[in-house]
**Q** 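First the structure, which I've put down as structure tokens, then a few questions once you've had a look.
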Amino acid sequence: MSKTLKAVILELFTENGLDQYDLNIQESSGIVTLSGRVDRWDQVVLAGHLAGGLSGVKSLINRVNSPDSILPPDPVKPDPSSGTLTRADLVIIGAGVVGAALAREFSRFKIRIVLLDKESDVGCGASKANNGMVHSGIVQEPNSLRSRLNVRGNELYEEVCRDLDVPFKRCGLLTVVFREEDLFLLELTQARGEAAGIPVEVISRERALELEPSLSPDIKGAFLAPSTAMTSPYKLTVAYAENAVMNGVNLYLDTAVTGFHSENGRLKKVYTTRGAVETPFCINAAGIYADRVAAMAGKEEFTLHPRKGELILFDSAHLDNHPRIATGVLAIGQDPYTKGGGTMITTEGNPEWGPTAFEVPDREDTAVTADGLDRIIDKFSRLIPDYDPHKALITFFAGLRAATYTEDFHIRPSGQLNGLLNVAGIQSPGLAAVPAITEMVLDLAGDMGLKLEENPAFQPLRKSPPRFRVLNLKARKKLIGEDHRYGQIVCRCEQVTEGEVIAALNRPVPVTTLDAIKRRTRAGMGRCQGSFCLPRLALIMARELGVPIHKLTKSGPGSPLFSRPTKLEALTGEGDAR
Amino acid sequence: MKDRHAREAIVVIGGGPAGLAAALAAACKSRLKVILIERDRELGGILNQCVHDGFGNFVFGESLTGPEYASRFIEQLQSAPNLEVWDNTAVISLKGDRTLTAVNRSGIHRLKPAAIILAMGCRERSRYQAFLPGYRPAGVYTAGTVQRLVNMEGVMPGEKAVILGSGDIGLIMARRLTLEGAEVLGVYEIMNRPGGLTRNIVQCLEDFNIPLFLSHQATFLHGKKRLEGVSIAPYGSSGKPDLQKEKRIECDTLILSVGLIPENELSREAGIEIDPATAGPVVDQDMATGVEGIFACGNVVHVSDLVDHVTLSAQAAGRGAARYLSGRKPAGKALFKAGTNIARLVPQVLSLPVEDKVDLYIRVSEPAEYVRIAISSESGEIYNKKERIVRPPEMIHLQLEKELFQNTGGGDSLFVNLQGGEADGG
């Protein structure tokens, strides 16, 4: 069997021109390890995908190298002498949406939980840089973990968002084809949906145009998937984390994991840059670095490859001529870099286009490219011809999908360290799958021996702080009456008040950076992109946090907003206008 | 604030240079109460952060700093008995029937004044609206934000700066940061000519040996946490950057001066017609918009080169509002239409009969020399004027005698053309 698998991989390499390189293939009970050297990063990815796509391959470790490979920096060496930071029954590594959700779900039980993140805020990886779509599951490979958890996650979503007071909108998805020869794809999708229990309806061109008159009249047909929804991914992450902290989870930000300590193959300690956490159980939800964290147990178990997704956001005032239902395009042989993308409206009311899909070697490469912007605008301008993206654009950003080479979620106990559970490869539709991932992980953790006794004090409900902009007149008056700082607008575009900024600084999850304020309040997310509110926010943050203004950062260490006081400020200690 | 009280008032939205002059003119010309609403902690708007001089050459015959210029108006306003200032107050909604909602620390205020003057100014085009790709690090700011940070909040944005775009605020901040001890590596302009006034090129760049690179475009921002560099390429003839000649400049700060956008969210909400050329309301010579009782002035109408022009348009709006409240309504309307080499003009509408001199502001599309500006009706030329040099950054201000329009009738079009002249190219 193993010989056959290896032979099939070799064959595939030959078919795809990789036989010119001396690539080594090792296989052991479905775990395939590739090594060797090729000329370009896309060949590294190709090799991984060819092997990882085979049905007998459970995990793929890709050690193939190329001159343009960018290896992540070596992790900081664990320092066993650095002392104990704290003790826990469960450590969760990574406070993205997955880690934060897990922390919240495990806080239903009487266990001591530590949630760690290397960044200065929760949700700083893919969780803050995706399109916010709660997919229906229709495009996922049937029988994959991605499909199963997506469909289940979508079912559970509305309740989670209600409990956590996070925006959720079931907008539906309308996917169109432009060519007669692509019409069969719609039927295929419907059949696939029926098999997976996902509602999908093939509709005529006329019906599609009736539903969304702004779509191009050139479309030939469409399918409608009503269960597709939108949420706010960063708000959801914050909400999960806040609810976790409310229920006793200990959150450590700016804390990176450096290694594990085990005795007789059993986890004893998680080493961090701030000392060791003594614990018998650990969940690795480290996002794009989850393969590196998994390998800290000894050796690699799978390899992640970052796939960049770029997104464009438009002014919420430019809603005319834009579909309200999320849209997509299906075609045989379409641009692979925008294949998965679409148009949608965020829960905050901003039209949004994208994402792209580019394999990149660097796990920190969240740069938006001119090529990516061009491809998004070309593709969706064709779909929505009367929308002017150049006029309406307010910002763009990119995130990295943490994909495995098997292109499925990797949710499994570590093969080498008892007590460690890897929750990795959570790429699209990871956001949609989150509530289902937590269900699955609870079961797995129980199987691994984590004792879960219900915590009667668990409080599942979490309220968002008030948002001036969305309140009615009476509620606004009441709010200002209670705290007059809610009458002082600091972000003109999004109508964010000083009261909201101060409230954000005093929530269960500490807020210390400008970006964190932005994600909590939307200050700086509007059409002027912070040019008006930055000086005002900086003054409030400096005052409330008790730090000099020039020490504030955008996103934590290494991202200072300013360099120093001006000469006058240094002399007098006060600005001339204050 | 009771609605009854406001019904008798003129409300001015925005206490910058436009709002100050409009409020003062309205308070002088009308007996009604004038309420001046300012969202910041004090009156003056952008003038407060403009510590350089050059303000008021036209209006006061002397060169003042921004705060000095503002104080000339603020002092007079203080003695106007019918003027009320609401500072730290934001107008969050404006309807076409002149119902406005303002918010401040004392609560929510709904007013329906007799007349409204819009003076919200403009905002700066961001890095994203300039389609500048790359990372999103700290250290990328618009010039006006930097000006506020340095001059009002006393904090430096960085130490090694590149300035993108040669708009006036960018040029002024090049000098200001140099004086503060930061290094300004250069100003890069996408067009083949400077975006700012000639005097600012000389006084802010040449006098400080700061190089200006024309026909250059930023192509990528580097730096994951804090800005580490910016890639720059010559702007090719194809309309795309010439990436063969792209180079990376190491810097920790990028300052954008790539255009201003009139801030018309309230105007749109009120249903006021917006001119695509100016991105501001369509107005007549009294600065009346198409919505009855709502006037507009200053940069909210069209971005001006000099504050003096803002002041003049604001005074016209203040007078216009008072005139409207005295019950006089136009008998007809003619239209000014932009012709050859005219990028935009204000006012777009001429209300008839014409009772005063008409101030017409023009921006050209391309620089030219030895030109003739001509205004013609269907029956022939009614006005012409020669100009030696015209440049897009500098507004042409024509004062037209009312007699010129004796034969202009309702529904007429008046064509404004630039004739002759050689393209200056630089």
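Letters go in sequence order (proteins before strands), and every chain restarts at 1.
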**Q** What part of A:P557 gets closer than 4.5 Å to chain B, counting heavy atoms only: side chain, backbone, both or neither?
**A** backbone
**Q** Of the listed residues (B:A90, B:G158, B:G223), which shares the most heavy-atom pairs with chain A below a 4.5 Å separation?
**A** B:G158
**Q** Can you see which heavy atom on B:N104 is nearest to which on A:I480, and at what distance?
**A** O-CG2, 3.8 Å
**Q** Counting only non-hydrogen atoms closer than 4.5 Å, does B:K160 touch chain A with its backbone (N, CA, C, O), its side chain (CB onward), both, or neither?
**A** neither
**Q** Please name the pair of heavy atoms, one in A:S563 and one in B:E159, separated by the smallest distance, quoted to 0.1 Å.
**A** OG-OE2, 2.6 Å
**Q** Sort B:L221 into side chain, backbone, both or neither according to what part of it lies under 4.5 angstrom from a heavy atom of chain A.
**A** neither
**Q** So which atom in A:V368 and which in B:F220 form the shortest heavy-atom distance, rounded to 0.1 Å?
**A** O-CE1, 3.9 Å
**Q** Under 3.5 Å, which donor-acceptor pairs link side chains of residues 266-273 of chain B to any protein atom two or more places apart or in another chain?
**A**
residue : atom : partner : partner atom : Å
B:S267  : OG   : B:N264  : OD1          : 2.5
B:E269  : OE1  : B:L94   : N            : 3.1
B:E269  : OE2  : B:S93   : OG           : 2.7
B:E269  : OE2  : B:K95   : NZ           : 2.9

**Q** Please check this pair: side chain of B:K225 against backbone of A:S555, looking for a donor-acceptor N/O pair closer than 3.5 Å.
**A** yes
**Q** Taking all heavy atoms of A:T366 and all of B:Y135, pick out the closest pair and write down the distance.
**A** N-CE2, 3.4 Å
**Q** Is B:S106 in contact with chain A via its backbone, its side chain, both, or neither, using a 4.5 Å heavy-atom distance?
**A** backbone
**Q** Among A:R564, A:E569, A:K567, which residue satisfies the side-chain contact (heavy atoms from CB on, under 4.5 Å) criterion with B:M156?
**A** A:R564
**Q** Do you know which of A:R492, A:E498, A:E310, A:Q495 has the most heavy-atom pairs under 4.5 Å to chain B?
**A** A:R492
**Q** Report the residues that fulfil salt bridge (Lys or Arg N to Asp or Glu O under 4.0 Å) with B:R176, sequence neighbours left out, ordered by chain and then residue number.
**A** B:E180
**Q** Is it the backbone or the side chain of A:F397 that comes under 4.5 Å from a heavy atom of chain B, or both, or neither?
**A** both
**Q** Quick one: what part of A:D365 sits under 4.5 Å from any heavy atom of chain B, side chain, backbone, both or neither?
**A** both
**Q** Report the option among B:L227, B:V103, B:L256, B:I261 that has the most heavy-atom pairs separated by less than 4.5 Å from atoms of chain A.
**A** B:V103
**Q** Between B:L149, B:L132, B:T101, which residue shows the highest count of heavy-atom pairs closer than 4.5 Å to chain A?
**A** B:L149
**Q** Using the side chain to side chain donor-acceptor pair (under 3.5 Å) criterion, which residues pair with B:R123? Sequence neighbours excluded.
**A** B:E263, B:E265
**Q** So for A:D371, is it side chain, backbone, both, or neither that comes closer than 4.5 Å to the heavy atoms of chain B?
**A** neither
**Q** Around atom OH of A:Y337, are there more than 12 heavy atoms from other residues, nucleotides or ligands closer than 6.0 Å?
**A** no
**Q** Looking at B:D252, B:T142, B:I92, B:D40, which makes the most heavy-atom pairs under 4.5 Å with chain A?
**A** B:I92
**Q** Could you look at A:L552 and say if it's the side chain, the backbone, both or neither that has a heavy atom under 4.5 Å from chain B?
**A** neither
**Q** Quick check on the interface: out of B:K224, B:E124, B:Q49, who has the most heavy-atom pairs with chain A under 4.5 Å?
**A** B:K224
**Q** For residues 528-536 of chain A, give me every residue with a non-hydrogen atom less than 4.5 Å from any non-hydrogen atom of chain B.
**A** A:C528, A:Q529, A:S531, A:F532, A:L534, A:P535, A:R536
**Q** Classify the ring geometry of A:F396 against B:F131: parallel below 30°, tilted from 30° to 60°, perpendicular beyond 60°.
**A** tilted
**Q** For chain B, which candidate among A:H390, A:H550, A:R485 shows the most heavy-atom pairs at distances under 4.5 Å?
**A** A:H390
**Q** With respect to chain B, which residue among A:R527, A:K477, A:K391, A:E364 yields the maximal number of heavy-atom pairs within a distance under 4.5 Å?
**A** A:R527
**Q** Judged by modelled atom types alone, do B:R136 and A:T395 share a side-chain donor-acceptor pair under 3.5 Å?
**A** yes
**Q** Tell me the closest heavy-atom pair linking A:F562 and B:V155, and the distance in Å.
**A** CB-CG2, 3.4 Å
**Q** With no hydrogens and no angle check, is any side-chain donor or acceptor of B:R226 less than 3.5 Å from a backbone partner on A:L561?
**A** yes
**Q** Ignoring hydrogens and geometry beyond distance, is a side-chain donor-acceptor pair present between A:Q488 and B:N88 at under 3.5 Å?
**A** yes
**Q** Heavy-atom distances under 4.5 Å only: say whether A:A370 touches chain B with side chain, backbone, both or neither.
**A** both
**Q** Measure B:L179 against the heavy atoms of chain A and call it side chain, backbone, both or neither at under 4.5 Å.
**A** backbone
**Q** Does any heavy atom of chain B fall under 4.5 Å from the side chain of A:L373, the backbone, both, or neither of them?
**A** side chain
**Q** Picking from A:V490, A:I489, A:T497, which has the most non-hydrogen pairs under 4.5 angstrom with chain B?
**A** A:I489
